Amino acid sequence: LRLHLATIAAARDTLYLENQYLTAPTIVEALCRRLAEPDGPEILSIGPETSPSFFDRMTMDSARLAAIEALNAADVHGRFGAYTPRTTAGKPIIVHSKVTIADDIFLRIGSANLNNRSLGLDTECDMAIEADRGEAGSETRITIATFRNLMIGHYVGRNLLEVEAAVAQAGSLAGAIALLDPSHRRLRKVAPRPLDRVERFISDWSL
């Protein structure tokens, strides 16, 4: 948890979060604080549209929707985007990965979801790679940025050079996605919806 919070606090330009469960209130609050800053980082979240099981849909989907609702409300400077991927046939993809990338400086990948269970109960194993911020253009920084761009390209069906060109042209990850997938057919923006009473209760109490 401490490394997640330190990563969120240290990001300058971009935070790329690919995770099955973005629900932990502590993480969401830290992200909201960065979105409230006038010069904070762009934050992108990629996750599943719905969970595969009824239990997870009741507990985790409601919490994820509440988290995105809070992040959208905190996004007073227009720097947050929540996306859910689709196949070429338009079918939803269950995102099971757990990846955090801050700028081209920090990469974390492993088994920990951004939920209370992973951060406080389960045994997890993540690997983190951090580059020296002062070494612009270093092999490690190029590798981290390349990995992030390949992840985005994987979802929108574009190659690395196309993603790199779109990022350079747009100046942001969300802008690059809009250029590469203008109809948002492959990476759909998460559509907000009101939670019913049971979902709101589960979310409010982090059940």
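What you see below is based on every heavy atom in this structure, not just the backbone, and it leaves out hydrogens, waters and symmetry mates. Because the structure is predicted, anything quoted here is derived from the model rather than measured.
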Under 3.5 Å donor-acceptor, D132 side chain and G134 backbone: yes
Quick one: pull up CZ in R133 and CD in E135 and give me the separation to the nearest 0.5 Å. 12.5 Å
Look only at the side chain of D75 and the backbone of F80, and say whether a donor-acceptor pair between them is shorter than 3.5 Å. yes
Does CZ in R141 sit with more than 12 non-hydrogen atoms of other residues, nucleotides or ligands closer than 6.0 Å? yes
Side-chain contact test, heavy atoms from C-beta onward, threshold under 4.5 Å: evaluate it for V190 versus L65 and give yes or no. yes
Just by modelled atom types, is the T100 backbone N or O under 3.5 Å from a matching donor or acceptor in the R148 side chain? no
Checking L3 now: which residues fulfil side chain to side chain contact (heavy atoms under 4.5 Å, CB included) with it, not counting sequence neighbours? T7, F106, R108, A128
With the side chain counted from C-beta on, respond yes when I27 and L5 share a heavy-atom pair under 4.5 Å apart, and no when they do not. yes
Run the side chain to side chain contact (heavy atoms under 4.5 Å, CB included) test against H154 and tell me which residues pass, sequence neighbours left out. none
Working to the nearest 0.5 Å, report the span between OG1 of T87 and CZ of R185. 8.5 Å
Please determine whether the number of non-hydrogen atoms from other residues, nucleotides or ligands lying under 6.0 Å from atom CZ of R12 exceeds 12. no
Quick one: do E49 and R86 make a salt bridge, cutoff under 4.0 Å? yes
Can you name the closest pair of heavy atoms from T140 and A131 and give their distance? CG2-CB, 3.7 Å
Using every non-hydrogen atom in the two residues, find where P25 and N116 come nearest and quote the distance to one decimal. CD-OD1, 3.5 Å
Are P38 and H77 packed together at the side-chain level, in the sense that at least one heavy-atom pair is separated by less than 4.5 angstrom? yes
Taking side chain to side chain contact (heavy atoms under 4.5 Å, CB included) as the definition, give me every residue that meets it alongside E124, ordered by chain and number, with sequence neighbours left out. S111, A112, S118, D122
Got I43 and L71 here, is their nearest side-chain heavy-atom distance under 4.5 Å? no
With ILVMFWY side chains joined below 4.5 Å, transitively, what does I46's cluster contain besides itself? Y16, L44, Y83, V95, V99, I101, L107, I109, M127, I129, I144, F147, M151, I152, Y155, V156, V163, V167, L173, I177, L180, L187
Once side chain to side chain contact (heavy atoms under 4.5 Å, CB included) is applied, do any residues pair with A74, and if so which ones, sequence neighbours excluded? C32, L35
Which residue pairs pass the side-chain hydrogen bond (donor to acceptor under 3.5 Å, both in side chains) test when at least one of the two sits in residues 28-46, sequence neighbours left out? R34-E37
Does D104 use its side chain to pair, donor to acceptor, with the backbone of A145 at less than 3.5 Å? no
Heavy-atom pair with the smallest gap, counting every atom of L119 and H4: CD2-CD2, 3.8 Å
If you count every heavy atom of other residues, nucleotides or ligands that lies below 6.0 Å from H96 atom NE2, does the total exceed 12? no
Output yes when a side-chain donor or acceptor of T84 lies under 3.5 Å from a complementary backbone atom of G47, and no otherwise. yes
When you group the ILVMFWY residues by side-chain heavy-atom contacts below 4.5 Å and let the links chain together, are I105 and L15 in the same group? no
CD1 of I93 to CZ of R188: how many Å apart, nearest 0.5 Å? 11.0 Å
K98 and N113: side-chain donor and acceptor closer than 3.5 Å? yes
Gap separating the CZ atom of R186 from the CZ atom of R158, nearest 0.5 angstrom: 10.5 Å
